[in-house]
Structure formats: C-alpha cells, structure tokens
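A quick write-up on the structure given underneath.
Chain A is the first sequence line, chain B the second, and so forth, proteins listed ahead of strands; every chain is numbered from 1.
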Amino acid sequence: MYILNEASKKIKVSLFITCLVDILFPQVGVSMVKVLKRLGVEVDFPEEQTCCGQPAFNSGFRQDAKVLAKRFISIFSQDGFIVSPSGSCTSMVRVFYKELFHDDQKMLDVVNILSSRTYEFSEFLVNVLKVDDVGATYNGRVTYHDSCHALRELRVQNEPRKLIKSVKGVDFVEMKFPDTCCGFGGTFSVKFPDVSVSILDEKIESIIESGADTVVSTDMGCLMQIGGAINRKKLPVKTIHIAELLASV
Amino acid sequence: MNSNSREEILKRIRRGLHRLAIVRRKDENISPSSSSYKESQQKLEKLHKEMDERRLLLLDMFMNEITKVSGKAIILKSEDEIKDYVIRLVEEHSAKSLAIWESDFLKQINLREFLEIKGLKFASLNSKEEMAEADIGITEADFGIADTGTLVLIANEKQPRSVSLIPPIHVAILQSDVILEKMEDVFAILKNSLDETGSIAKLTSCITFITGPSRTGDIELNITLGVHGPKELFVLICP
Amino acid sequence: MEDIKVNFEKNSATALKNANLQRALKNAIDQFRNVRGKAVGEFEEWEQLRASARRIKEWTIGQLDEYLEMLEANVIKAGGTVHWASDAKEACEIILDIAKKHNVKSVVKSKSMATEEIELNHSFEGAGIKVVETDLGEYIIQLANERPSHIIAPAIHKTREDISKLFVEKLNTPYYKEPEELTKIAREKLRSEFLNADMGVSGVNFAVAETGTIVVVENEGNARFTTTVPRIHVALMGIEKVIPRFEDLSIFLNVLIRSATGQKMSTYVSFITGPKRNSDLDGPEEFHLVIMDNGRSKILSHEETRESLYCIRCGACIYICPVYKKVGGHSYGWVYPGPIGAIITPQLLGIDKAHELPFASSLCGACKDVCPVKINIPRVLLELRSRVISDRRVGAGFLLRIAVRLWRFTMENKGIYNLASQLSYFAQMPWIRHGRLTSLPFPFSRWTKKRDFPAVAKTSFRKQWNEIKDLEG
C-alpha cells in the first residue's frame, strides 16, 4: 500500500527533465510524471528549459557553462521543488553551480537557494515526500547500479534501494561492487572509448555474476553505457531507470 | 647559490599565500589542536597512572597484536626465566655470535656475562662487519604500544640502532610496566621529556617503532618476511 | 624534466592490450581493496581522523614559510645541515656536491618519489657514482630499467614470473618463482651494498617543524639501513611535507599507513633528528636535509588547486581508480600515476606537457572518498580542464571550439533546440537497426565501435507533455 500524504497536495514540483531524457528517453520523464501525480504532487514543466550546462563545464568550457547556468537559473526561478531524473544533472545544479560561480558572491547567493530546492527523483521521494512504497509492481530479479554523481556528490545510496525493495514482485540482489564506476563519465566515454569500455566490461561481469535480469539506476547516462554493451553482447538483461520501475503497475 | 634559493623559495611561498609581511604567530596557536606545556604535563601524569592501573589489560592487548604481525611474545616471570629462554633460542638457532645492548635492565640482570660463560661471542657494537656476523641481536624496549603490538626503541650511547636491525633474529626484552595503549601516549611522553622551550636536546638521534619482523608485499602483494631487517622477532615480557 | 611530454592516449592503448599487465593489476588491486576495506572499516574514528588531517594540512600549508623556517632551525640545532633547492637540477647538484665533497663512491637509496622526480640516479650515474635502490619493488624496476608504476608498490605491474626472469637475466641466479626465494636473493645481494655504501639517500614521509625530526615509514628495513649504516645520510623532501608538531604524527601515521597498505602500523617507523650524537655507537656522521620546491610554490599560489599539496603520498587514490586499474601507472607518463598524478603532473610539468591527464578520468570521485586528507580530486581535475581549454599553448582544437559554440547556441534557444531534436530523429534513420544505432560515422563511431547507442525518440518528452500534464495520478 502506498502512502498518500495529504500535505503533498500542496507540494509543487518543476520538472528538470534533462536533455538526455527529453530527446533519447522520454518514457523516463513520462514515468516520473506518473509517479509524482500518483503521489498527489502538483507537477509543472518549464518549457524554456534545455540544458544545465554540465557537458560544457566538464569539458573545461566554463564561460559557455556559465551562460547556460544563468539561463537555467532564470527559468527555474519560481517556488517549489526542482526534481530531476538524473543524479548527474542534479549534482551540476546543486554542487557544481557553486563551483562555477565561486568568485561571484551575488550569483552564489542565488545558487545556494536554488541548490536547496533541487533534488534527484529517488531522494525526493524518500527524503521529502517520505515515501518508500509507491504502489508499483514489477516481476524480476533487480540489481542497482550506483551512479557516481548520485552516490558521491549527492550521497544518494539508500533511497533508491528502499524504493526498489518496496516494489511488489521484485527480487533484489546486490551486485559485486555496485559503487564502482561504469566508465561513462560523460565525454570521457568518447574521448577515451577503449578505457571506458574496458571499465564497462568489469561492470557487465558484476551484473552477470549477480544473476539479475534487470539493472536499475538513477542515471540514464550510466544506463546508456551499460545498456549499450548489454545490447551489443545480446545479454538477457534489461536496463531501466528507477522512475520506469516505480511507474510500472 | 644555496642561500639565494632559500630566499627565493620563501619569497615565492609568501607571495603565493598573499602574505605581504611575515606575521609571527604565537606558539600556542601554532595549529588547530594545540595544547600548552602545562596541559601536556597533566596528560603525562594521567598516562603514568593509567599504565599502572591497566597493566594487565594492556599486556593482553599487546600480546594479541604482536601475534597478528608474526612477532612471538612470551611472558616470563623472572630474571632466570629470561636467561633460560635466551639460551634456548641460541641453541634452537645454533647461534655462535650475538650482539647486545649495554642498557640498564640488561646490565642489571647480567645477561651478557651469563651468555659469555656459556661460550658465546659478542660483536663489537661499533663494528658493522662484526654486527653483520651476529646471529641474534638482543635489546630492550623503552616502551611498548598495546594497540598495535609495537616496540619503541630509543637510540643512545648504550642502545645502538643496528642491534635490532642487522642480525636476522631480534630478541627484545620488554618490561610490562612500560606498555602504553596508543601511539599518542608515546608521543606525549617523548614530547614532554623536552623542556618548556621545546628544546630537542633530549630527543635522540633516532627513535624506532618496530612492529613485527621485516616484510614486503612488493611481489604481487604477497607478504614475505625477513627482507632486510630481522626475519624473526621475539619479545620477552617480564614484570 | 623539460623534455617530458605525456601521451596518455598512446600509453593507455598499449596498456589495454597487455594481458599480463591487466592480470597483474586486477590481482593486486582486488586484493588491496579487501585489505584496506578492513583496515579502515574497523577504525571507527576514520572520518574524524581524515577531517583532522585535512585541517592540519590546510593550516600548515597556509603558513608554510614559517614552518619551513622552524624546521630548518631545529634540524640545525640537532646537528644537521639544511639545503634549499629551487628545482630538480639544483637538488641534484646539491646532492652530488655532498657526495663529491665526501669522496662518495657508492650510494644506497630507500624509496623516495621526490628523488624519482629529479632523476637523481641518472645524475649519480653520470658522475660515476654507483647507486642501488634498496626497496625491493624499486630494486626490481631498477634492474628492469623502468619507472615505478605505483608509489607504494612500484613493481605492482610485474608478475612473479616476470621478476624471476628478470633476476635470472640481470643477477645470474637460477630460476626461482616463489616470492620467498626471490626476496631471499634480493636480501643477500643488497646486504653487502648496505654495509659498504658511503652515503644513504632517503625520502621523508613527514618532517616535524617543532623538533626538526624527519619520519620514514617502511616495512622492509631498507630505509633503516640506509639511514643508519652509511656515514652520510641525505634526505630529500618536497616543501609540502612539513607538519607542525610531534604529536600530529599520531594522526598522520594512522591515516598514511592504513591508506597505503591497509596495515594498522607499518613494520618500521624511524624518527630521525639530526646525525648521530657524539656518544652514539652507530648512525650517520652527517645528516643533510634537502628542501625542494620544484614547482610546488607555483601550485601553492593557485587557491583553487592548492589542496593538491596536502597529499601525503599514500597511494590509496591510485588503488581505487577504475581508470588506473585498466591503464596502469606508466600510462600517466611520469613519476606520479593515478588520480594524484593526473592533478600534480600537469601542475609541476606545465599544463601543456600533460594536457590529456585532467581529462583521463570519468570523474567518478572514488579517489575523493578514500583520500586521507580529503583532497577533492574531481574538483581539481575540473579546474585543470578549464585551464587546459583557456591555455594559449593547448586550448581546444579549432573544430572542438566550433562544435561547442554550435552546441551552446542550440541550448540557448529553445526553438533551435527543438529543431535540432527533430532533425536528429530524421538524420539517424539510415543507421537504425532494430530500434538502435549500432554503427555511426565519425565521431560517433567512437561510441558505437563497442557499444550500441540508443535511438532518438520519435516524440520527445516536451512534445508529450501536453498530453500527460492533465493526467490524474
């Protein structure tokens, strides 16, 4: 049974959908909306949004990143929470915007407030809405991959696991070293593809060893990397985002 | 040339830290967790008291830890037991030549004389060639650290460093009333044998912490004992 | 040092194809992770200790000039001599000078990354002075004429078979495969070196300003030999190695040893204050401390990357790095491998000499979490990436700049973004196989060579929003 918090009728969420989900994995966004609505949250989508600027920041193009960051900040200026289906993009806003504007006190003040409103999807459900069981059903042997940013920048580790274990029909297994990088690292995956794939191979080995038929994560970047190899090797494993898992009934 | 470099380096550091003038900081504020001389004296007293009250517990801890690092610790109850044990070791290892400290406790129990009577030769302590021929090195330990099974050896005119280093077997006599719990405790005692101005006159040329026999993991991270230092360590603990 | 240029792409490609290396790395690293996990896990105060260590380093580096002066004064008080070297060349000159003045014919060395930095052995050999590495791992790579591939276990990339073959070739010994036998050979060979050397050169793990004490941490006993038997002891340290007080050692020894080898305490820790006293029966007659800058003051002057100097050279970040595990130490092209190498090599050699290194990371942050002094390595890497891009000598390639400009323009304009999104849906058509993209033209081929790429969705999320926004829960 899922808990409907009467108070959440007042909770407003602006969706920070991320360009990756918007263009490549829209079903993740749709799932997120379904789950949030099921929990009685008021959801809105600021249509001007495009990108938070992380790819530029990670590649060393700080000026370009700043431009997109300022744009993001002005688009998400209203009240309420900002929730994203990506630990990586959430980290950019919550952690690295402070880095980007570290020598600009005025921007820093704005960014600090913005940070306090910005959440990754699974931590929002567990820590803000105080919900573990969202009434989902999924039959399968599920393992969870910790995305590096979610784990080490946002300290999101228990929340997704709590949510997964509460899904009816799920047989949860922990893979060996779930917190080891999958080798994606954004542009790293194409800048040093051989190293990236070599790291990925070890992750795939862990997944196979775990006996799971489904891999879940908070980040489509990781799942794109993992799924990319799984598909190439034609392995009997599905990759789904945690929002998709929680939306299934 | 050299004194120029000194000035250059210090200048670069100061510039890098945006320090325009040398600001002399008070010694008490030297770093975040400073304590005054008085506080450390008080701590010393407390330590000595603890050592006394917790003697058995610390001994137990020490025995446990040293075994974990492949050291062999034996509790002996008298001078005679010590001498007998040393003789046993000499026989088991067919030792012909020994090296021994001229330190207080070893002198007190006349260990060297006892062994000389048994026909054993002793290496001259300032000859590295003779030291290299010695089969067993016998020392005391100035302190023991229970937490890690560590021996603390302070070098001075009666306690040369090589005796616990060059011979392949090291025998250390440790009195149970100098076993402390942690490394911090040893530092507190050592530090406070300095005077109030922090003079290092009493901090000797070398203090060595020894925790078990010599080892390496450099080949495939596989642990092997007796690389350069002693291959075997015996700690004879007496009251 | 000036003519070094790091080629990570090339080096890593070679490393990935070396099956022997891959096996050696995996074996050593999996083992180490287990051991370290236990050493840190059992220690409840670990996080507190890390915080204290960081605080002390921040403080000390913030007053570095004062602490170095204090250190110098106390070393001199204890009867030692202090030398200051601005760079590698000067450090070598100073040490060679000491050797020549004292008619030194042979030198024994214990492990010191600083001496690798300045290529000291090369200088000794050039002057006709014999120098022998005495740390077993360093001895092995000296025989193999290689650079160390890890700062704590320099020969980690070699299997026992590699080492046996090396000993047979260089030392004329029979073929022994077991580590015990190999170690015995090294012990015998090195003993006579120790006893006959005129000078011992060591590194410095920590230098205590308050007492003028240098601390050397080890397991083998070779550093004890190096700093006890020869009549002259020279210790080389980077300016950042100084710590304020004697008691700070309890924090630093704890975090260093547990991080470096997973032990509670290393076999030997030597606290050396000056040369032997007149009444001592052994110990060196002279003690020389060489304090070296070699680019560290430059790092100090950049507040954003200053924390690179807090490093205590434990090697934990190297062990935990998923990139290092695949490419090994030599890929990093210089003395320091792994995450710490990726941040200090560009800063010490010059960003143009090692511009790939800040990018040779997936930014996973595992290093940040294990660092005993809490250096935020990913943050420093990101800062260095931006320095590479704005550096006139390297910068970004012309094409990349155009691509980034275009990309940014797209992201700044919702209309263009939507158009691009639409266009990419159609553009991918020729390459769609079973709903996925299995091979794409350059530069996307860099992805699709070994992985499938997802297809652009027919209807983007924002297009679907209008339908779903009024849905009930």
Side-chain angles (χ1 to χ4, degrees), chain B residues 2 5-6 8-10 12-17 19 22 25 30-33 69 125-126 128-129 132 147-148 150 155-157 160-162 165 182-184 187-188 190-191 194 198 200 203-222 224 226-229, chain C residues 27-28 31-32 55-56 59 62 64-65 74 77-78 83-86 90 136-137 153 155 159-160 163 179-180 182-183 187 190 195 210-212 219-222 224-225 228-229 244-247 249-250 264-265 267-274 276-277 279-283 293 297 300-301:
Chain B
N2 207 359
S5 290
R6 181 185 186 278
E8 285 302 313
I9 293 173
L10 289 171
R12 281 199 291 268
I13 292 173
R14 287 181 195 126
R15 212 174 27 219
L17 295 171
R19 281 142 70 82
I22 302 161
R25 265 154 239 277
I30 225 166
S31 71
S33 46
V69 292
L125 292 180
N126 48 16
K128 57 184 180 185
E129 287 75 21
D147 195 30
T148 49
T150 300
N156 60 41
E157 66 277 2
R161 316 176 202 186
S162 337
L165 174 66
K182 297 198 182 98
M183 148 171 51
E184 290 94 296
F187 290 133
L190 287 172
K191 163 92 174 265
L194 304 181
I200 43 80
L203 198 58
T204 71
S205 58
C206 183
I207 297 164
T208 311
F209 280 11
I210 296 176
T211 311
S214 139
R215 74 201 62 217
T216 183
D218 275 340
I219 299 177
E220 292 185 355
L221 281 201
N222 198 290
T224 314
V227 199
H228 298 294
Chain C
N27 175 39
Q31 248 192 86
F32 177 78
R55 225 182 18 242
I56 297 176
W59 171 270
L64 191 60
D65 54 328
N74 285 313
K77 242 203 229 166
H83 312 260
W84 298 70
S86 277
E90 200 181 344
L136 181 59
T159 59
R160 63 185 75 180
I163 298 169
E180 268 231 26
L182 295 169
T183 305
R187 181 189 168 108
L190 289 169
L195 296 170
E210 168 185 67
T211 56
N219 281 296
E220 295 178 20
N222 63 305
R224 286 183 68 195
F225 265 105
T228 298
V229 181
R245 307 159 312 162
F246 203 57
E247 58 260 40
L249 287 169
S250 63
K264 261 175 109 162
M265 174 69 86
T267 311
Y268 304 116
V269 183
S270 303
F271 303 85
I272 298 168
T273 312
K276 70 186 272 263
R277 304 292 181 262
S279 49
D280 285 350
L281 295 169
D282 58 14
D293 183 352
S297 57
L300 186 69
S301 64

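Considering every non-hydrogen atom in both C:R224 and B:I210, the closest pair reads NH1-CD1, 3.8 Å. Between B:S5 and C:W84, the shortest heavy-atom distance links the atoms CB-O, 3.4 Å. Considering every non-hydrogen atom in both B:S214 and C:E220, the closest pair reads OG-O, 2.8 Å. Minimum interatomic distance between B:L17 and C:G62 (heavy atoms only, all atoms of both residues): CD1-O, 3.4 Å. Closest of all the heavy-atom pairs between B:L165 and C:G221 is CD1-O, 3.8 Å.
Atom CZ of B:R12 sits about 4.5 Å away from atom CG of C:D293, to the nearest 0.5 Å. Separating the CD atom in B:E157 from the CG atom in C:L281 is a distance of 8.0 Å, to the nearest 0.5 Å. The structure places OG of B:S205 at 5.0 Å from CZ of C:R277, a figure rounded to the nearest 0.5 Å. Between C:F246 atom CZ and B:L203 atom CG the span is 5.0 Å, to the nearest 0.5 Å. Atom CG of residue B:D218 and atom CG of residue C:L182 lie 12.0 Å apart, to the nearest 0.5 angstrom.
If you measure heavy-atom distances from C:I163 to chain B, the contacts under 4.5 Å come from the side chain alone. For C:L195, the parts lying near chain B are the backbone and the side chain together; criterion is any non-hydrogen pair under 4.5 Å.
Under the 4.5 Å side-chain criterion, counting only non-hydrogen atoms from C-beta, C:M265 is not in contact with B:D147. Using a 4.5 Å cut-off on side-chain heavy atoms (C-beta onward), C:S270 and B:R161 make no contact. Taking 4.5 Å as the limit, every side-chain heavy atom of C:S250 sits out of range of all side-chain heavy atoms of B:K182. Using a 4.5 Å heavy-atom threshold, the side chains of C:R160 and B:N222 count as touching.
For B:T224 and C:E180, the side-chain atoms include no donor-acceptor pair closer than 3.5 Å.
Your options are B:L125, B:I9, B:T216, and the one with the most heavy-atom pairs under 4.5 Å with chain C is B:I9. Listed options C:L190, C:T228, C:L249 were ranked by heavy-atom pairs under 4.5 angstrom with chain B; first place goes to C:T228. Contact count against chain B (heavy-atom pairs under 4.5 Å) is highest for C:S86 among C:A28, C:S86, C:S301, C:G137. Contact count against chain C (heavy-atom pairs under 4.5 Å) is highest for B:L10 among B:N126, B:T150, B:L10.
B:K128 contributes no side-chain N or O that, together with a main-chain N or O of C:D282, makes up a donor-acceptor pair within less than 3.5 Å.
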Is there a side-chain contact (heavy atoms from CB on, under 4.5 Å) between C:N222 and B:V227? Walk through the geometry before answering.
CA-CA 8 Å; C:N222 63 305; B:V227 199; over 6 Å; no

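The only option from C:T183, C:N219, C:T267 that meets the side chain to side chain donor-acceptor pair (under 3.5 Å) definition with B:R215 turns out to be C:T267.
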